[in-house]
Amino acid sequence: MKIDKALVLQAKAGDDSAFASLYETVWQDLYKSAFYILGNREDAMDVVSETFLEAYRGIRKLRDETAFKSWMYTILNARCKRKIAGYIKERGNISIDDLFGECAVEFDGHSDLRVTLSSALAGLTQEERTIVVLSSVQGYTTREIAQILKKPHGTICSKLSRTLKKIRAVMETQHADPLSAEKGVNTK
């Protein structure tokens, strides 16, 4: 989805209706990312609201109008990290991996494949989830993700590759056809 540079310029100049239009353009994508990272609808909505509030207050500081969407994801990522830190503080000393093992990603349907994907996503660290969501769900390139997360490009490429292999392994293991496995047939 392309962001209108003129709209960003108007928002930077203080036009509230232009900012509202930008909000309408990107809020659903931000919500999806926050939901997949946090695994909780209410917290995802809170984080998106906080992200837009922070963006509204700081829109005049945005240097590159063409980077509006990635700037929003940078803010969202920081807010998600703060929310996760809050989870950890509330529960005492618990690792992020343990936390996401307890958070179930909600799906509207109940198919075996969706349950298996939910299980695979629940086994990821917060950073792995963020990278996968930004790449696979939101369509960002690895270079853009590196910018958003302030990490080297090579690191993002490696982590994305390893994480996708991890998801694929879980999907193949948990979603294998038991009848064909008994007969020695490869269902991959």
Value for CG (L160) from OG (S135), rounded to nearest 0.5 Å, stands at 4.5 Å

Student check: side-chain heavy atoms of K61 and K12 closer than 4.5 Å: no

Would you say the side-chain atoms of T155 pair up with the backbone N or O of K151, donor to acceptor, closer than 3.5 Å? no

Atom pair NZ (K83) and CG (D46), whose distance is rounded to the nearest 0.5 Å: 5.0 Å

Closest heavy-atom pair, M72 versus A55, reported as atoms and distance to 0.1 Å, is SD-CB, 3.4 Å

For side-chain contact (heavy atoms from CB on, under 4.5 Å), just list the numbers for E65 and D4, CA-CA rounded to whole Å, side-chain angles, deciding distance to a tenth of an Å, and then say yes or no. CA-CA 9 Å; E65 291 78 20; D4 184 2; over 6 Å; no

Measure the shortest side-chain to side-chain distance between Y56 and Y23 over non-hydrogen atoms and say whether it is less than 4.5 angstrom. no

Determine, for E50 against R82, whether the closest basic-nitrogen to carboxylate-oxygen distance falls under 4.0 angstrom. no

Decide yes or no for V26 and Y73: does some side-chain heavy atom of the first lie under 4.5 Å from some side-chain heavy atom of the second? no

Report yes if some heavy atom in the side chain of K5 is under 4.5 Å from a heavy atom in the side chain of D64; otherwise report no. no

Indicate the atoms forming the closest heavy-atom contact of C157 with T142, along with that distance. SG-OG1, 3.6 Å

Minimum heavy-atom separation for I59 to A11, with atom names? CG2-O, 3.7 Å

Rounded to the nearest 0.5 Å, how far does OG1 of T141 lie from CD of Q147? 8.0 Å

On a heavy-atom basis, the closest approach of S21 and L7 is CB-CD2, 3.6 Å

When the ring planes of W71 and F68 are compared, do they come out parallel, tilted or perpendicular, using 30° and 60° as the limits? tilted

For the residue pair R129 and Y36, would you count it as a cation-pi contact if the rule is NZ or CZ under 6.0 angstrom from the ring centre and within 45 degrees of the ring axis? no

Would you call R162 and E128 a salt bridge, taking side-chain N to carboxylate O under 4.0 Å as the test? no

From Y31 atom OH to L76 atom CG, the distance as rounded to the nearest 0.5 Å: 12.0 Å

What's the spacing between K166 NZ and S161 OG if we round to 0.5 Å? 12.0 Å

What heavy-atom pair brings A34 and V48 nearest, and what distance separates the two atoms? CB-CG2, 4.2 Å

Is the shortest heavy-atom distance from the side chain of I3 to the side chain of T66 under 4.5 Å? no

Distance in Å, K150 NZ paired with I156 CD1, rounded so as to fall on 0.5 Å steps: 12.0 Å

Using side-chain contact (heavy atoms from CB on, under 4.5 Å), reason through I145 and H153 one step at a time and then give a plain yes or no. CA-CA 8 Å; I145 295 168; H153 179 246; over 6 Å; no

V47 and C80 have their tightest heavy-atom pair at CG1-SG, 3.8 Å

Flag side-chain contact, heavy atom, 4.5 Å: T163 against I131: no

